[in-house]
Amino acid sequence: MRLTKKAAALVLASSMAVSLTACGGGTTETTAAPETTAATEAAADTTAAAEEAAEAAAEVTGKDPSEIKVGISIYQYADNFMTLYRNELQTYLVDELGLTASNIMMQDGKNDQAEQMNQIRNFITAGVDVMILNLVQASSAPDVTNLCNEAGIPVVYINREPDAEEEQRWVDEGIKATYVGADARQSGTFQGEIIAAQENMGDTNGDGVVKYVMIQGDPENVDAQYRTENSVKALQDAGAQVEQLVIQRGDWDQTKGQEIAANALTQFGTDIDVIFSNNDAMALGAVQAIQAAGRTVNEDIYIVGVDALAEVVELIQNNQFTGTVFNDFIGQSHTAADLALEYVNGGEVENVNMVDYVKVTTENAAEILEMVK
Ligand code: BGC
């Protein structure tokens, strides 16, 4: 497996050499020769060729994976979803890509942009080869990008997407920065479709209008805005009449989700047909409030979230939660790690890289649970 990856790195490095030469990139130390040599030997002895390819790749890139240093900062360790994400990222970097654990510097941004800036400066001082950053404030991307670019360090942003103008600047100015995430519009649409697929299209009390509560994430992540807009839009597109009773920020947090839902249930009682939550953590809080209010999910109220936390998927299996959307932390973390290494190996990386969401209902809950547990 390792050999295959190194061989792949060679192909990448060789084609880079070709494209650099073709566009007059001015590199003199690389040629396409190692690939030709490896290919010839492959006919006689595949294993030997792969080994030679691996060595040649190391020569071309100058970095063995076990020596690559990565600086990672996560906006907040206390976040449920980002905990799954960072654990998967660490495991993948070490077990699959061959990095040395002590070369992975992972830090908790503690939801404090100033603290995270210090961590980034420390990564630069420590001479990391690449950074993987989950910004506290997506709006600080231009400053962070410039800092890293001046230090000659490529950056892979994850989870909190910088705005489109900034992403375009990376292309225009040839800056080694990229974003890996998922298009939150898709997750919102899936939430709306899950409600629209119910027999009564979400209108539990039959008054002709789907009245809903919207629990929002921290707006620093554009996912909050996109999920809010697109969930309701999908339900309307399916033909439902809708009315918003409450919209409030729960900052992705379970306790806040519980408080918002409890207050809404006290104020609006059985008028509420649906609770939309921008993520599962807040929805888990809302489920506690629903139970405390004596309401029954999928009978007199619906609830949808996003992420597919194992706890939520189990509730779906037990008919205690309407549906969620799998936010593929496995695909996202692997892509982020792969692209980080691609940068270190001198490869070209697209500025935006999106991983698909998956709708989760009783039909596929077991399958999804296998993946997330
Ligand atoms: C996830 C949330 C998480 C947030 C952090 C979102 O994509 O759905 O659960 O709290 O990212 O930025």
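- Considering only residues two or more places apart in sequence or on other chains, Y157 meets the ring-ring contact (aromatic ring centres under 6.0 Å, His included) condition with W170.
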| message | Run the salt bridge (Lys or Arg N to Asp or Glu O under 4.0 Å) test on E173 and R169 for me, step by step, so that the C-alpha distance in whole Å, both residues' side-chain angles and the decisive distance to 0.1 Å come before the verdict. | response | CA-CA 6 Å; E173 297 180 15; R169 184 176 75 97; 3.3 Å; yes
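- With no hydrogens or angles considered, a side-chain donor-acceptor pair links Y92 and D338 at under 3.5 Å.
- Cluster membership for I330 and V180, using ILVMFWY side-chain heavy atoms within less than 4.5 angstrom, is shared.
- Using modelled atom types, one finds a donor on one side chain and an acceptor on the other under 3.5 Å when comparing D172 with Q168.
- For the salt bridge (Lys or Arg N to Asp or Glu O under 4.0 Å) condition, the pairs that include at least one residue of residues 109-127, sequence neighbours left out, are K110-E115.
- For residues 197-233, the pairs satisfying ring-ring contact (aromatic ring centres under 6.0 Å, His included) are Y212-F276, with sequence neighbours left out.
- Within the 4.5 Å cutoff, side-chain heavy atoms of L369 are placed close to those of Q317.
- By the 4.5 Å heavy-atom criterion applied to side chains, I68 and N103 are not counted as neighbours.
- Residues D223 and W252 meet the side-chain proximity criterion, which asks for heavy atoms closer than 4.5 Å.
- Placement of I74 and L135 in two distinct hydrophobic clusters is found when ILVMFWY residues are connected by side-chain heavy-atom separations under 4.5 Å, directly or transitively.
- Smallest separation of non-hydrogen atoms from M354 and Y179: CE-CE2, 4.1 Å.
- Tested against Y357, the residues T189, V306, D328 include a single side chain to side chain contact (heavy atoms under 4.5 Å, CB included) partner, V306.
- When the side-chain hydrogen bond (donor to acceptor under 3.5 Å, both in side chains) test is applied to Q198, no partner is found at least two apart in sequence or on another chain.
- Residues passing the side-chain hydrogen bond (donor to acceptor under 3.5 Å, both in side chains) test with N364: none are found, sequence neighbours excluded.
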| request: Check the pair Q332 / N327 against side-chain hydrogen bond (donor to acceptor under 3.5 Å, both in side chains), numbers first and verdict last. | output: CA-CA 9 Å; Q332 290 172 51; N327 192 359; 2.8 Å; yes
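- Linking ILVMFWY side-chain heavy atoms closer than 4.5 Å, directly or via other members, places L284 and V372 in a single hydrophobic cluster.
- More than 12 heavy atoms of other residues, nucleotides or ligands lie within 6.0 Å of CD in E88, so this atom counts as buried by the packing criterion.
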| request: With side chain to side chain contact (heavy atoms under 4.5 Å, CB included) as the test, would you mind laying out the steps for Q76 and M82 before giving the verdict? | output: CA-CA 8 Å; Q76 170 164 242; M82 287 314 301; over 6 Å; no
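- Counting all heavy atoms, side chain and backbone alike, R160 lies closest to A138 at O-CB, 4.2 Å.
- Ring geometry for F329 against F81 counts as perpendicular: the plane angle is over 60°, on a 0 to 90° scale with 30° as the lower cut.
- Here the side chains of V94 and T91 are not in contact, with every heavy-atom distance at 4.5 Å or above.
- Taking N353 as the reference, T178 meet the side-chain hydrogen bond (donor to acceptor under 3.5 Å, both in side chains) condition, with sequence neighbours excluded.
- By the rule that hydrophobic residues join a cluster once side-chain heavy atoms approach within less than 4.5 Å of another member, I275 and V313 end up as members of one cluster.
- No salt bridge links E259 with K256; every basic N to acidic carboxylate O contact stays at or beyond 4.0 Å.
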